[in-house]
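Have a look at the structure below before the remarks.
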There are 2 protein chains.
Amino acid sequence: MRVASVAFGTDGFAATGVADVAHAAGISKALVYSYFGSKEGLHAACLAEAGGLLAAEIERVARDGSAGVERGVRTLAAMFAVLDDRRHVWRLLRDRTAPADGPAAEVVAQYTARIEALARDGVLELLGDAGTTDELDVSAMVRTWLGIVDSLMDWWVAHPDQGAEEMTQRVARLIAALVSDQTRRRGPAPGDATPAPTPQR
Amino acid sequence: MRVASVAFGTDGFAATGVADVAHAAGISKALVYSYFGSKEGLHAACLAEAGGLLAAEIERVARDGSAGVERGVRTLAAMFAVLDDRRHVWRLLRDRTAPADGPAAEVVAQYTARIEALARDGVLELLGDAGTTDELDVSAMVRTWLGIVDSLMDWWVAHPDQGAEEMTQRVARLIAALVSDQTRRRGPAPGDATPAPTPQR
DNA sequence: GAGGTAACTTACCCTGAGGTCATATCACAG
DNA sequence: CTGTGATATGACCTCAGGGTAAGTTACCTC
């Protein structure tokens with residue numbers, strides 16, 4: 001049910017009432033239960049649809065052979081294109097208020113694992129090319145990448161007038177600004193990871 | 001109450017029960033209410049402490065005159081140092097399950113506004129130096145920056161053995177890898193925001 | 001039109017969590 | 001020893017929200 005996806009994606013699983021979803025869909029609560037069995041069943045149905053969509057799209061980009069930051073940008077572009085009229089979908093899979101066990105959790109765990117594996121591939125390429133192989137670095141970078149996607153999707157939801165193509169170009173601009181800043185201040189040969197001095201408390 | 005901060009920061013406001021907090025603190029639920037009046041009051045007390053700590057620290061870094069990505073890294077370093085033994089605190093202020101109105105929301109809105117204003121300053125510097133002045137770009141970059149902090153704090157919470165200093169160096173390494181990737185693939189003079197071709201659905 | 005069935009709703013139950021109150025314990029002044 | 005106030009608690013109240021069962025409508029077949 002489309003309206004349930006929007007509700008779960010907007011408010012989170014825990015904050016969404018079955019009665020609200022039913023009302024928004026124009027039917028009664030009991031009918032929802034006759035269709036999906038339980039709130040979790042409804043959630044699982046939404047998740048399966050969302051997860052399949054996203055994982056398939058990310059896998060498609062992974063096959064096209066790009067690497068590093070470029071691959072990240074292309075993945076984002078593909079997701080913007082696919083999710084243009086379903087922007088809430090990304091948050092569905094990254095909902096911390098969803099129960100950690102049960103059948104719906106299995107579904108989301110499966111798709112999340114696929115998406116994370118693909119992100120990991122991309123990060124491994126990126127860091128490997130830069131000479132970093134530390135497993136914890138990879139893990140932190142994957143988490144950060146997913147967080148960046150989270151943020152951009154949130155911002156996109158909050159700015160409905162922005163189209164997919166505009167978002168893609170915006171991301172490219174922002175990355176260019178970051179790199180420009182780093183090359184200008186550090187000189188054109190980065191790679192020496194000089195940490196900033198850590199201030200004391 | 002320290003234990004309440006941990007609970008709210010770990011599970012979120014909505015998923016945290018007053019009875020659980022009281023039990024974890026070794027006192028009764030009624031006593032919590034006699035201290036704080038309500039669940040929101042308890043929340044507000046935690047938020048005020050957390051917000052003051054974070055805003056003060058970020059403001060301190062803002063005054064030291066660094067700019068661009070360097071300022072971001074220094075801010076992160078300062079937060080890692082301050083939050084080393086209270087890693088849950090960041091999530092307190094960024095809790096989507098907290099009620100959007102009420103006295104506690106006022107508190108969090110106030111501190112969030114301060115932190116966001118400082119992030120905005122940093123982003124304005126960064127983008128301004130790179131020649132980007134679009135207001136929406138700034139807004140999206142601020143959101144993304146906060147998302148990066150979210151991610152790193154989450155990862156940190158999940159890796160208790162990692163100290164503040166290690167985190168700071170890790171962040172520096174990851175940024176170096178990103179920049180290295182971009183300069184290697186695009187040549188040493190970036191800034192042209194060539195968007196990746198947007199795939200069709 | 002009678003009967004049966006699928007779709008659907010109303011009205012209800014029940015658990016869990018926020019919140020309250022009468023009571024109990026204790027330190028201490030007189 | 002006894003009265004009093006601060007501190008603290010178990011038992012209770014209330015209500016939102018997930019879940020269910022009985023009843024109602026609509027349609028289809030004979």
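Residue numbering restarts at 1 for every chain, and letters A, B, ... go by the order of the sequence lines.
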Query raised in the report: What residues form a ring-ring contact (aromatic ring centres under 6.0 Å, His included) with A:Phe80, not counting sequence neighbours?
Result: A:Trp156

Report summary line: Those residues at least two apart in sequence (or on a different chain) that pass salt bridge (charged side-chain N to carboxylate O under 4.0 Å, His left out) with B:Asp20 are none

Query raised in the report: Do B:Met79 and B:Met153 have side chains that get closer than 4.5 Å, going by heavy atoms?
Result: yes

Query - Donor-acceptor side-chain pairing of A:Ser66 and A:Asp64 below 3.5 angstrom - result: yes

Query raised in the report: With a 4.0 Å cut-off, would you call B:Arg63 and B:Glu57 a salt bridge?
Result: no

Query - Distance-only side-chain donor-acceptor flag, A:Trp155 / B:Ser139, under 3.5 Å - result: yes

**Report entry** A:Phe8 CZ - D:dG17 C1' separation (whole Å)
**Finding:** 13 Å

Report task. Please state how far atom OH in A:Tyr33 lies from atom C1' in C:dC14, giving the value in whole angstrom units. Result -> 13 Å

Report task. Sugar-phosphate atoms are those with a prime plus P, OP1 and OP2; base atoms are the rest. Using that split, label each nucleotide of nucleotides 7-15 of chain D B, S or - for protein heavy atoms under 4.0 Å, 5' to 3'. Result -> -SBB-----

Report task. Taking only heavy atoms on the protein side, list every residue of residues 37-48 of chain B lying under 4.0 Å from any atom of DNA chain C, sorted numerically. Result -> B:Ser38, B:Lys39

**Report entry** Distance in angstrom units between A:Phe13 CZ and D:dG17 P, rounded
**Finding:** 14 Å

Report task. Whole angstrom is fine here: how far is it from CG in B:Asp20 over to C1' in C:dA17? Result -> 9 Å

Report summary line: All heavy atoms of A:Glu40 vs all of A:Pro103, minimum pair found to be OE1-CD, 3.5 Å

**Report entry** Option passing side-chain hydrogen bond (donor to acceptor under 3.5 Å, both in side chains) with A:Arg96 (candidates B:Asp11, B:Asp154, B:Thr97)
**Finding:** B:Asp154

Report task. Using the ring-ring contact (aromatic ring centres under 6.0 Å, His included) rule, collect all pairs that involve residues 19-52 of chain A, keeping only residues at least two apart or in two chains. Result -> A:Phe8-A:His43, A:Phe13-A:His43

**Report entry** For the student: nearest non-hydrogen atoms of B:Arg120 and B:Val142, plus distance
**Finding:** CA-CG2, 3.7 Å

Query raised in the report: Which residues in residues 92-104 of chain B have at least one heavy atom lying under 4.0 Å from any atom of DNA chain C?
Result: none

